[in-house]
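Here is how names work: the chains are called A, B, and so on, in the same order as the sequence lines, proteins then strands, and each is numbered from 1. Side chains are part of it too, since the values below use all heavy atoms of this structure and drop only hydrogens, waters and symmetry mates.
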Amino acid sequence: MSETNLPAAYSPAEIEAKWAERWESDGLHKYDPARPRSETFVVDTPPPTVSGSLHMGHVFSYSQTDVLVRQQRMLGKNIFYPMGWDDNGLPTERRVQKQFAIRCEPGLPYRAGWTPTPAAEGTKTSEEVSRKNFLEACAVQTAEDEKKYEALWRRLGLSIDWTQHYSTVGERCRRVSQLSFLDLREKGLVYSVEAPTLWDTGFRTAVAQAEVEDREQNGNYHDLRFQVEGGGDFVISTTRPELLAACVAVVAHPDDARYQTLFGKRAITPLFGASVPIMPGAHADPEKGTGILMVCTFGDIADVEFWREHKLPLRQVIGRDGRLLPVEFGKGAFESTNAAAANEAYKNLAGLYPKQARTKSAELLAAAGVLTGPPKPTVQAVKFYEKGDQALEFVPTRQWFIRILDAKADLLAQGRKVRWHPDYMLKRYEQWVEGLNQDWCVSRQRFFGVPFPVWYPLDAKGEPQYDKPLLADRKSLPVDPLADCPPGYQESQRGVPGGFAGDPDVMDTWATSSLTPQISSHWGLDPERHAKLFPADMRPQAHEIIRTWAFYTITKSWFHEKSVPWRDVAISGWVVSPDRQKMSKSKGKAVTPEGLLETYSADALRYWAARAKLGQDTMYDEMVFKVGHRLATKIFNASKFTMLQLSAVPGERSLSDVTEPVDRAWIAKMRALIEESGKDFASYDYAAVLIAVESAFWSFCDDYLELVKNRAYGAGDEKARRSAVASLEWTLKAFLRLFAPFLPYITEEVWSWRFAETEKRPSVHAAPWPAAAEAAAVPAAQPELLRLAKEVLDATRAEKAAQKKSVKWPVKSLEISGAAGSLATLKTVLADLCAACSASPEAVTMKEGAAPETALLSLAVALAEEDNRPKAPKAAA
RNA sequence: GGGCAGUUAGCUCAGCGGUAGAGCAUUGUCCUCACACGACAAGGGUCACAGGUUCAAAUCCUGUACUGCCCACCA
């Protein structure tokens, strides 16, 4: 495009559509596997959860990552920037259930030819389908969502290499996940055990410590009187009377004077008449309740630990569905001094959910006269699965665990080898690792996920022999143990005594997403590629998943490769709505990224995201989009103007043409800006770069352009004009490149007008990041020059504003006093200055004198009485 | 309860040892041959509070108070 034929107005929608397509067809974002590791920058991109739609929180953090990536690309790096979709988790499963009104029933046979159809609005019932059919429905739904996600990312201008994309439920991810499992198994780092586990009764699955959160709940203390065998009694204060039937001991602090005489004796539980030992236990807090408490199987983690340590009997009353199990006193572990009465009492509770059982128990206890007073309300913290709405219970089940507790010290050391941005985020990691109290439970009793590559031989009675698991061959991965046969068996032996059974569980989604660096690198498939891409350079992620994603990724890399997974981790903040709620969690999600892109442009949204530093939560504020849009418009207009000046002066120009002191001073300012920007980017502080570049750009438009305009028009001699034009050209090139990572569309558009050709770089994004050395040849100017000029400009502008005159109103006289040095410097720019403030050189008088404290000059401005300029011909509208 | 951040103009934030800053909002102007999707100007702050270090503190140290987040807290 020639400069005489530039677009009249800035039209972001057109520009963005045009360049998004061009970048794709030119392969601008493609990773080049031929280039060496040292020239490569590898991003371990977060795979967004596929559960419907992306929100402004995603736009925010992914834009920040893209800014860093684009700057690396301009530094000449071979960028590896893949995108993945996390589509194997519970959120996806739930979305599919709702979307098609189906439910997975693993017992059902596969129905060939069945296709999922979207459920009608308000459908209440759900159709039961086989596991395989359910997985097919998941595939259909995720494919559709992922198409939408990709379109949004392209529109936003994320410079992703789409040929590198993956999906966590895809074959390669299943393969890597299973390979990881087998590798850990070989290293002795994974085990299965039947033990009390954090269990979500709503989803009916085990969950890991990392997915648990505390929620405040209202409860009541119930004071129950226990009898002591051989006489005496004491009172226990409990919020969970429904667990009385599961009581296996009572415990007080070893130093608690009140209970010294009871230790070693036995108590009789009310209602159920179980004889339980009274034991000392350090976890009992004398200050809480009555200082003595029940150990139940299981009320909390302390119960589990005490029960395990003292090998107490198991009286499990909570079932996998959360209801109280039908147990019989007088049998097995449920001993009772009065089984008949116990069973009579318990039959009121069997089948109830904990909350109902709590109320019922309180009634029974009151009726039995065991309560010593009315219930006392309290607020307690209760553990919930973060995605669940039922309180977690401890239920003994068989689960797979990864041995992380033994590795705490190593994992702390690994975390410290990574550079965290901002650095204080390391603390969160450390605090999490230090507080770990359970191995990582990786099995989930769900359907849509990566299965374990494991089968169990069945003994003569058809019982699985869990201690002799049959593992898949590494070469056969991925396998589905419910569909595939273990090595050496026939399908006909499935489920029959002497045959085998597949492990029915699937892995925690983090077991897969903790391997994203290995997934991208094709670990186990392509060793050469893996060596080039692992470990990665940068991991961008949000802070609330430090304990999950960052932690598990560091863990897996340590276990598999004794390496950190990446060198830097960039932690983004959240987007908060004006009521200070996290946007992605708030109900009012009416603002969709698509709509905002339509209204404001991708560059405007990216501007908003890039104004926020890493780790810092940011207000959702449409005013900032407007500011971003305004900046892009200004770049469009100032560039158009500048290029018109360039085309008016024929021939090539270089910085050696920059001879005027004011131009040299400007170049020096740009040089400092470039230097600072490089440093800030190196420390991941892109926001500081944007702020500095933006501020310099406005001063370029408002002051420097005004100063050199006349000279660029040809008001002075040819050498002076060349100096102005050469400076403008170089400055514009520098600005476009400095802005390019932030505002990829407008900068690319403007670049294409001229510099794509003159610089032999078809894309600004493939142009080199500005180097301060470029300007090294330009001799240093008087450092105060620009400031002095601005003081004069501002004084005349202020006077004109005060007198309500136009900016071009002529100045009658301009008296300047200041230090001799300042005046000498000012003289070198006087011609430009006079032109910029409409004063004739004769109107200026200078004399040495004192300047005010806050300025370099003292100025007196008088305006002409009349504007006697010739009227400029009005351009047709 | 432990940890980490933050508290600067009406709002959103930058500055992090040397004369209080920006954008938005408010007010008043100006069609100026790139841009009215623009430009100029004005008003607006004892930089949460209290001590300390220093010639000098919004900036460093200590403490306090709020706010937010992360973690812990189930008798």
Sorted by position of nearest nucleotide on RNA chain B, 5' first, the leading residue of A:Val627 and A:Lys800 is A:Val627

Have a look at A:Arg547 and say if it touches a base, only the backbone sugar-phosphate, or nothing, with a 4.0 Å heavy-atom cut-off.
sugar-phosphate

For A:Tyr713, which contact category applies under a 4.0 Å heavy-atom criterion: base, sugar-phosphate, or nothing?
sugar-phosphate

Rounded to whole Å, CD of A:Glu305 lies from C1' of B:C74 at a distance of 14 Å

Can you check the A:Glu706 CD to B:C35 P distance for me, whole Å?
12 Å

Once you apply a heavy-atom cut-off of 4.0 Å, does A:Tyr10 come out as touching a base, just sugar-phosphate, or nothing?
nothing

Cut-off 3.5 Å, side chains only: do A:Tyr353 and A:Thr201 have a donor facing an acceptor?
no

In whole angstroms, the gap separating C1' of B:C70 from CH2 of A:Trp549 amounts to 19 Å

Checking contacts here: which listed nucleotide (B:A34, B:U29, B:C69) is nearest the side-chain heavy atoms of A:Arg428?
B:C69

Does the side chain of A:Tyr385 come under 3.5 Å of the side chain of A:Gln390 through a donor N or O and an acceptor N or O?
no

Between A:Lys640 and A:Tyr10, is NZ or CZ placed under 6.0 angstrom from the six-membered ring centre and within 45° of the ring axis?
no

Got a donor-acceptor pair under 3.5 Å from the side chain of A:Gln431 to the base of B:G2?
yes

Rounded to whole Å, CH2 of A:Trp432 lies from C1' of B:C70 at a distance of 10 Å

Can you check the A:Glu544 CD to B:C70 P distance for me, whole Å?
8 Å

Interatomic distance where CZ belongs to A:Arg611 and C1' belongs to B:G23 [whole Å]
7 Å

Without decimals, in angstroms, what is the distance between A:Trp608 CH2 and B:C13 P?
12 Å

Any chance you could list the contact pattern along nucleotides 38-43 of chain B? Use B for base contacts, S for sugar-phosphate-only contacts and - for none, protein heavy atoms under 4.0 Å, 5' to 3'.
SSSS--

Test: A:Arg240 and A:Glu393 ion pair at under 4.0 Å:
yes

Does the pair A:Lys355/A:Glu242 count as a salt bridge with the N-to-O cut at 4.0 Å?
no

May I ask you to verify if any side-chain N or O of A:Gln616 is less than 4.0 angstrom from the OP1 or OP2 atom of B:A14?
yes

What nucleic acid atoms does A:Lys383 come within less than 4.0 Å of, heavy atoms only: base, sugar-phosphate, or nothing?
base

Does either side chain, that of A:Gln645 or that of A:Tyr713, offer a donor lying less than 3.5 Å from an acceptor on the other one?
no

Nearest-Å distance, CG (A:Leu426) to P (B:A5)?
11 Å

For B:A34, does either OP1 or OP2 sit under 4.0 Å from a side-chain N or O belonging to A:Lys709?
yes

How is A:Ala687 classified with respect to the nucleic acid when contacts are heavy atoms under 4.0 Å: base, sugar-phosphate, or nothing?
nothing

With no hydrogens and no angle check, just 3.5 Å: does a side-chain donor-acceptor pair link A:Glu622 and A:Tyr620?
yes

Looking at A:Glu430 and A:Arg428, is there a salt bridge between them, counting it only when a charged N and a carboxylate O are closer than 4.0 Å?
no

